[in-house]
S.K.: 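Here's a structure for you.
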Amino acid sequence: MTPSTGHSVLQLPVPPLEDWVRERTRHHDAGFVSADPRFGHAHVTALAPFVRGPSTADLAAIADIVDATAPIPVRLAELGQFPDGIIHLRLEPDEPLRALTARLVATFPRFEPYEGAFGPHPVPHVTLDAATPTVTIESTRRWLGDAVPCACTLTRLQLAWWESGRCHVMHEWTLG
């Protein structure tokens, strides 16, 4: 039996960008396009990677954090590019998202955001694309058209499984 190469992510779906991000995902690797209609291709990562098989106690701890977290209104307008080439949208304000990640890390200290690859306080963002010679911030802005800027309220936290051919929502909670 081949070990699974997937991982779980605690993520907040961003519905206004779902169709756009799902299509860019399909362009890069259709195996990561989920058949699960709840799955947030467009999302803000709260904590990843996370536990592969959460216990009842893990799920209860997440539910407690989610219950104490109000829905998060955000505006998405500023495109950026990380040093690794990931083109993204920053969220304003980002403090509620940073606070949610901090609560999750305090509850699950064995899980560092992105395994520490981007420091202890990574920038909350929505991944849009990956830079190439033909994909730039400027081309991404043109392709987005009038989809950005946009505003929305993040209302759900998902425990999602990311693996080619197996992306799905494992659990989902409503904020507040």
Side-chain angles (χ1 to χ4, degrees), residues 5-50 71-102 104-105 111-169 175:
T5 58
H7 64 278
S8 64
V9 175
L10 286 166
Q11 63 184 32
L12 298 107
V14 181
L17 297 172
E18 178 62 18
D19 292 343
W20 198 92
V21 171
R22 187 177 51 247
E23 286 312 307
R24 287 312 290 165
T25 302
R26 185 181 319 282
H27 167 79
H28 288 286
D29 187 342
F32 285 95
V33 175
S34 178
D36 183 342
R38 300 173 302 158
F39 191 83
H41 297 87
H43 66 273
V44 179
T45 298
L47 185 59
F50 192 62
I72 304 170
V74 295
R75 181 170 168 12
L76 301 107
E78 183 184 339
L79 272 79
Q81 183 174 324
F82 292 124
D84 66 358
I86 294 299
I87 298 172
H88 61 276
L89 272 171
R90 293 190 63 158
L91 293 89
E92 297 176 6
D94 70 0
E95 294 83 8
L97 298 157
R98 289 179 184 276
L100 174 59
T101 295
L104 289 164
V105 169
F111 297 102
E112 266 188 284
Y114 302 102
E115 296 178 321
F118 306 108
H121 308 290
V123 174
H125 66 279
V126 177
T127 296
L128 297 176
D129 217 326
T132 68
T134 59
V135 177
T136 64
I137 290 176
E138 293 76 25
S139 67
T140 302
R141 185 176 287 115
R142 282 193 310 274
W143 294 336
L144 281 164
D146 62 1
V148 173
C150 68
C152 68
T153 300
L154 307 178
T155 61
R156 297 176 292 141
L157 181 72
Q158 296 178 334
L159 176 57
W161 185 257
W162 282 84
E163 180 178 8
S164 185
R166 298 187 58 219
C167 294
H168 64 279
V169 175
L175 300 181

S.K.: Do you know which two heavy atoms are closest between Ala130 and Val135, and how far apart they sit?
M.R.: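 That closest heavy-atom pairing would be O-CG1, 3.4 Å.
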S.K.: Please check if the side chain of Gln11 supplies one atom and the backbone of Ala160 the other of a donor-acceptor pair under 3.5 Å.
M.R.: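 No; zero donor-acceptor contacts below 3.5 Å.
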S.K.: Is there a side-chain contact between Leu144 and Leu128 (heavy atoms, below 4.5 Å)?
M.R.: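 They are in side-chain contact.
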S.K.: Are Ser139 and Thr134 packed together at the side-chain level, in the sense that at least one heavy-atom pair is separated by less than 4.5 angstrom?
M.R.: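 Counting from C-beta outward, Ser139 and Thr134 never come under 4.5 Å.
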S.K.: Sub-3.5 Å donor-acceptor pair from the side chain of Gln81 to the main-chain atoms of Ala131, do we have one?
M.R.: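 The answer is no, because no donor-acceptor pair under 3.5 Å joins these two groups.
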S.K.: In sequence, state the C-alpha distance, the side-chain angles, and the governing distance for Val14 and Cys152, and then conclude on side chain to side chain contact (heavy atoms under 4.5 Å, CB included).
M.R.: CA-CA 8 Å; Val14 181; Cys152 68; 4.0 Å; yes
S.K.: So do Ile87 and Arg24 actually touch side chain to side chain, heavy atoms under 4.5 Å?
M.R.: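 With C-beta onward as the side chain, the pair stays apart.
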S.K.: When you measure from the side chain of His41 to the backbone of Ser34, do you find a donor-acceptor pair of N or O atoms at a distance under 3.5 Å?
M.R.: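 Yes; judged by distance alone, with no hydrogens or angles, the pair exists.
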S.K.: Could you label the plane-to-plane angle of the Phe50 and Phe111 rings as parallel, tilted or perpendicular, counting under 30° as parallel and over 60° as perpendicular?
M.R.: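 Ring orientation of Phe50 relative to Phe111: tilted.
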S.K.: Who pairs with Arg75 by salt bridge (Lys or Arg N to Asp or Glu O under 4.0 Å), at least two apart in sequence or on another chain?
M.R.: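 In terms of salt bridge (Lys or Arg N to Asp or Glu O under 4.0 Å), with neighbours along the sequence ignored, Arg75 is linked to no residue.
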S.K.: Measuring from Glu138:CD to Leu79:CG, what's the distance to the nearest 0.5 Å?
M.R.: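 With rounding to 0.5 Å, CD (Glu138) is 9.0 Å from CG (Leu79).
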S.K.: Taking all atoms of both residues into account, what is the closest heavy-atom pair of Thr155 and Pro71, and its distance?
M.R.: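 It is CG2-CB, 4.3 Å.
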S.K.: Please examine the side chains of Thr45 and Thr127, heavy atoms only from C-beta on, and report whether any two atoms are closer than 4.5 Å.
M.R.: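 The answer is no, as the side chains (C-beta and beyond) never meet within the 4.5 Å cut-off.
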S.K.: Could you grab the distance from atom NE2 of His43 to atom CG of Leu154, nearest 0.5 Å is fine?
M.R.: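 Taking NE2 in His43 and CG in Leu154, the distance rounds to 11.5 Å.
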S.K.: Look at Arg98 together with Glu95 and state whether they make a salt bridge at an N to O cut-off of under 4.0 Å.
M.R.: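 Not counted as a salt bridge, because no side-chain N and carboxylate O are separated by less than 4.0 Å.
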S.K.: For Cys167 versus Gly31, what's the shortest heavy-atom pair and its separation?
M.R.: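 Of all heavy-atom pairs spanning Cys167 and Gly31, the closest is SG-O, 4.5 Å.
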S.K.: Can you see which heavy atom on Gly40 is nearest to which on Pro13, and at what distance?
M.R.: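 Of all heavy-atom pairs spanning Gly40 and Pro13, the closest is CA-CB, 4.2 Å.
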S.K.: Supply the atom-to-atom distance Leu91 CG to Leu76 CG, rounded to the nearest 0.5 angstrom.
M.R.: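 So the CG of Leu91 and the CG of Leu76 are separated by 4.5 Å.
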S.K.: Could you walk me through whether Val105 and Glu112 pass the side chain to side chain contact (heavy atoms under 4.5 Å, CB included) test, one step at a time?
M.R.: CA-CA 7 Å; Val105 169; Glu112 266 188 284; over 6 Å; no
S.K.: Please walk me through it: do His28 and Asp129 pass side chain to side chain contact (heavy atoms under 4.5 Å, CB included)?
M.R.: CA-CA 9 Å; His28 288 286; Asp129 217 326; 2.6 Å; yes
S.K.: Using ring pair (Phe, Tyr, Trp, His ring centres under 6.0 Å), reason through Phe39 and Trp162 one step at a time and then give a plain yes or no.
M.R.: CA-CA 10 Å; Phe39 191 83; Trp162 282 84; 4.7 Å; yes
S.K.: For a side chain to side chain contact (heavy atoms under 4.5 Å, CB included) check, start with the C-alpha distance between Leu17 and Leu89, then their side-chain angles and the critical distance, and finish with the verdict.
M.R.: CA-CA 10 Å; Leu17 297 172; Leu89 272 171; 3.5 Å; yes
S.K.: Taking side-chain contact (heavy atoms from CB on, under 4.5 Å) as the test, write out the residues that go with Ala46, two or more places apart.
M.R.: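 Result, side-chain contact (heavy atoms from CB on, under 4.5 Å) vs Ala46: Leu10, Leu12, Leu100, Thr101, Leu104, Leu157.
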S.K.: Taking the side chain as every heavy atom from C-beta outward, state whether Leu159 and Val169 have any pair of such atoms under 4.5 Å apart.
M.R.: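 No, too far: nothing below the 4.5 Å cut-off.
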S.K.: Answer whether the closest heavy-atom distance between the side chains of Phe118 and Val123 falls below 4.5 Å.
M.R.: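 Answer no - side chains too far apart.
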S.K.: Using 0.5 Å steps for rounding, measure from the CZ atom of Arg166 to the CH2 atom of Trp161.
M.R.: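 Answer rounded to 0.5 Å: 6.5 Å.
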S.K.: In Å, rounded to the nearest 0.5 Å, how long is the span from CD1 of Ile72 to CG of Leu97?
M.R.: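 Here the rounded value is 4.5 Å.
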S.K.: For the residue pair Pro15 and Arg156, what are the closest heavy atoms and their distance?
M.R.: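 Of all heavy-atom pairs spanning Pro15 and Arg156, the closest is CG-NH2, 4.4 Å.
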S.K.: To the nearest 0.5 Å, what is the distance between CZ (Arg26) and CZ (Arg22)?
M.R.: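 Result: 7.0 Å between the selected atoms.
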S.K.: On a heavy-atom basis, which atom in Pro93 and which in Pro96 lie closest, and how many Å separate them?
M.R.: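 Taking Pro93 first and Pro96 second, the nearest heavy atoms are O-CD, 4.0 Å.
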